[in-house]
Structure formats: C-alpha cells, structure tokens
Amino acid sequence: MANLKVTILHDVWEEGAPEPEPEPVKASRGKNGKRRKKKKDPLHDREEIFEALAKLGHEPSYYVLDGKNQSLLALAKCGADLIFNLTESYAGHDTMDKNIAAYLELLDIPYTGGGPQALYLAQDKSIAKKIFDFHKIKTPDFATSYKGRTDHSHDIEFPLIVKPVSEDGSVGIDSESVVDSVKELMERIHYIHEEFDSPALIEEYIEGREIYAAILGNDNPEVLPLIELDLSKLPKGTPRIAGQDVKFDHDAEAYKVTKSAPAEDLDEETTKTLQDTALAAYRALKLRDYGRVDMRLNKKGEVYVIEANPNPWLASAAEFAMAAKKAGYSYTDMIDKIVELAHARSM
Ligand SMILES: Nc1ncnc2c1ncn2[C@@H]1O[C@H](COP(=O)(O)OP(=O)(O)O)[C@@H](O)[C@H]1O
Ligand SMILES: [Mg+2]
C-alpha cells in the first residue's frame, strides 16, 4: 500500500482537562445535558498505534479534538489521507462520537472503524438489543425505565442487572448493579437517573463465563481467537461482573484477581456458536473494520450477546490485540490490516 499521511484523531477526557469555552459547551450539550467525568485507563493506545504506523512507512501525526469549535474547523484542513479514529466523545459527551464520524464523512476524509450508523446503534444498548432480537441473536431480556416511563416487551426475572443505557467502560456498573429484589431495583434505577440523567437498562443477569470475540474485516470478517475474562476469583459475595474496578482500578483487589487470556476448554460446538453469534451481532449493528462482541456463556452452553463494541480499545495489552496476536498477527500487522480495510473504502 502507498505511504499515507495518517492522522490519529483523539479526544480529551482526562481529569482536570480544560473546560470547553461556555459558548460551544451549550451548543454541544446532548439531550441529557450533563457533562460527566469518566474514569479512563491512563494507558493510551495511541502511542502504540503511532509507532506501528511509522514502522509501516506511513506518516503518522496526532490531532486532538478538544471540544472547541476551532479544533473542528482546523480538522477540515488537516490534509490527512486517512484518519485513525480513536475518538469516544466530544466536549465531555460520550454519545457524540457518532457526530464526529458523520463530520468526517461530510469532509470526505476516510477514517477507520465504525460509521455514524454503527456508533449510534451500538451506543444505545436498548436499540442494539431490539435489533439483535430481530436477527434472533440471543441477548438477555430487558426493559428500560426513564422518569416513570417504561419500555418493555418481555417479562423479566430476577436476578437483574441495572446499567445506564448508553455508557461504556463499565461506567455506572459496580457490585450494586446486580439486584435481587424490587427494593434494590428501585434504588438502582434511581441511582442511574440521578448520577447519569439517563434511562436505566434493566436486564436479566446471566451467570456464566465472560467471553469476548474480536472481529477484523468487512466483506469476510474474521473472528479472531476467543478471549475470556476470568472473573471466578472475585471476592465471594460480589457479583461476577466486569465493573469499573475490574477494568480500571489498578489498586483494587477486583483488578488484581481478574485477567483476560485466550479462552481454553471450549469444545468445538460451543466455540462455533460463540463465533457465529458474535459475527451476527457485528453485522447486525453494521460494525466495520474491527470490533469486539462481549458475550456470556451459561452452564447450559447458551450464548448471550451483552453488547457489541465498534472501535474497541487497541492497546497491546487489551483483548482485541491479544486475540490478534493469538491469530498470528503482530501488533503492526493488526494496525496495517485496519488501515488497509479503511483505506479500501476510499478507493
Ligand atoms: N446481562 C448481564 N448478565 C451478566 N453480566 C452482565 C450483564 N450485563 C453486563 N454484565 C457485566 O457487566 C459488564 C459491563 O457491561 P456492558 O454492558 O458490557 O457495559 P460497558 O458498555 O460499560 O462495557 C460486562 O462485561 C459483564 O461482566
Ligand atoms: Mg462491555
């Protein structure tokens, strides 16, 4: 492939990051209106991606969308042949990543990963789950509740897990998320409303193994070897879920006793069900280039899709790269493949 000017586009979402100027904040406030701080892992994948791009002979650079209009305007003139899109939010709003992808389309700059459609469909878990249902992809039965209004079509049974409908990084998910009684359920719905000003997604809790499928490709997507997050060593009495502590809190016991690794002891049939289910979810939500589907496998061998993630984290220590490595891709090969897939769309 020709050498390309590849701009790594990212947002700022760090504690203490400068507040956007008053005017653009107002203009960019989402329907929920709240600007929240998100706890992110301090390890960024962008430096590793930069290094891989340089090794591949491309001309990498960084560009930050800082939430101010000026950074949007200047992006139009950045001169990139391709954008490596790592943005997850805009001006502190984490449902705005779809708008960034849509803006790149208006600018006619090719970019990696999901388009605005995928980012929208995957972000709202209740919409994603309705689409899964249509495609007969198993996903836990659910309801949503927002300020007294409920949306449901199935009966749902305890235990339930209550989550914000549109977050990621396990924001709003901790040991209190799994509820066993109406009282706990009410309290948790209230918490989600108060803390996130967001509808609560109330979903049947699936006890089982936590399996991730990384998928690479478009016309013939490749399901990379399955990864398991082993939650079996979490302290007794706490639910076996990947809450924020498990994902990001390096000092927490929950972080230390859990780890991801290529899944072992899965028979051929179960492996195939997991792969086929993940692929169906990837296609149903129109994911592109690369994605990761999070699933639960229960004792009966049933597979449930918990969510599909467009543009998952690409750090070499994260699950996507772990799966790519197991499939025989070096980190650089993996980045090459993603660039190639995105670039092919512009040809
Ligand atoms: N229905 C469910 N049954 C069992 N565990 C769940 C369920 N929903 C979420 N979890 C647990 O919570 C974690 C985070 O949920 P998820 O919906 O993937 O949120 P996020 O988008 O923040 O990653 C999952 O990885 C899983 O461990
Ligand atoms: Mg998840």
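Order of listing sets the numbers, starting from 1, for every ligand and every atom in it. Computed from a predicted model, the values in this text were never measured in an experiment.
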Could you check whether [Y] and [X], counting side-chain N and O atoms only, form a donor-acceptor pair closer than 3.5 Å?
| X | Y | value |
| --- | --- | --- |
| Glu51 | Tyr331 | no |
| Glu105 | Tyr103 | no |
| Ser71 | Asp66 | yes |
| Gln123 | Thr95 | no |
| Asp197 | Tyr146 | yes |
| Asp168 | Asn309 | no |
| Tyr329 | Glu222 | yes |

The Mg ion (ligand 2) to nearest N/O/S of Asp168 below 2.8 Å |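 Given the 2.8 Å cut-off, Asp168 does not count as a ligand of the Mg ion (ligand 2).
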
With a cut-off of 4.0 Å, which atoms of ligand 1 are near a heavy atom of [X]?
| X | answer |
| --- | --- |
| Asp168 | 20 (P), 21 (O), 22 (O) |
| Arg296 | 4 (C), 5 (N), 26 (C), 27 (O) |
| Ile306 | 1 (N), 2 (C), 7 (C), 8 (N), 9 (C), 17 (O), 18 (O) |
| Pro140 | 1 (N) |
| Glu203 | 1 (N), 2 (C), 7 (C), 8 (N) |

So which heavy atom in the protein is nearest [atom], and how far is it from that ligand atom?
| atom | value |
| --- | --- |
| atom 22 (O) of ligand 1 | Ser170 N, 2.5 Å |
| atom 18 (O) of ligand 1 | Glu307 OE2, 2.9 Å |
| atom 16 (P) of ligand 1 | Lys125 NZ, 3.6 Å |
| atom 8 (N) of ligand 1 | Lys163 NZ, 2.9 Å |
| atom 3 (N) of ligand 1 | Ile206 N, 2.9 Å |

Look at the side chain of [X] and the backbone N and O of [Y], then say whether any donor-acceptor pair between them is shorter than 3.5 Å.
| X | Y | answer |
| --- | --- | --- |
| Ser170 | Ala242 | yes |
| Asp97 | Ser89 | no |
| Arg288 | Leu341 | no |

Selected option - heavy-atom contact closest to atom 15 (O) of ligand 1, from Leu201, Leu231, Ile173 |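 Shortest heavy-atom distance from atom 15 (O) of ligand 1: Ile173.
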
Shortest heavy-atom approach to atom 27 (O) of ligand 1 - which of Glu210, Gln123, Lys247 |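 The residue whose heavy atom sits nearest atom 27 (O) of ligand 1 is Glu210.
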
Where's the contact between Glu167 and ligand 1, heavy-atom distance under 4.0 Å: side chain, backbone, both or neither?
-> backbone

Identity of the N, O or S atom of Asp294 lying closest to the Mg ion (ligand 2) =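 When I compare the N, O and S atoms of Asp294, OD2 is nearest to the Mg ion (ligand 2).
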
Return the name of the atom in Glu307, of element N, O or S, nearest to the Mg ion (ligand 2).
->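 For Glu307, the N/O/S atom sitting closest to the Mg ion (ligand 2) is OE2.
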
Calculate, to the nearest 0.5 Å, the distance between atoms CD1 and NE2 belonging to Ile335 and His58 respectively.
->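 Here the rounded value is 10.5 Å.
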
Indicate yes or no: does an N/O atom of [X] lie under 3.5 Å from an N/O atom of ligand 1?
| X | answer |
| --- | --- |
| Tyr205 | no |
| Ile161 | no |
| Glu204 | yes |
| Ala242 | yes |

Whether over 12 other heavy atoms sit under 6.0 Å from Lys129 NZ | yes

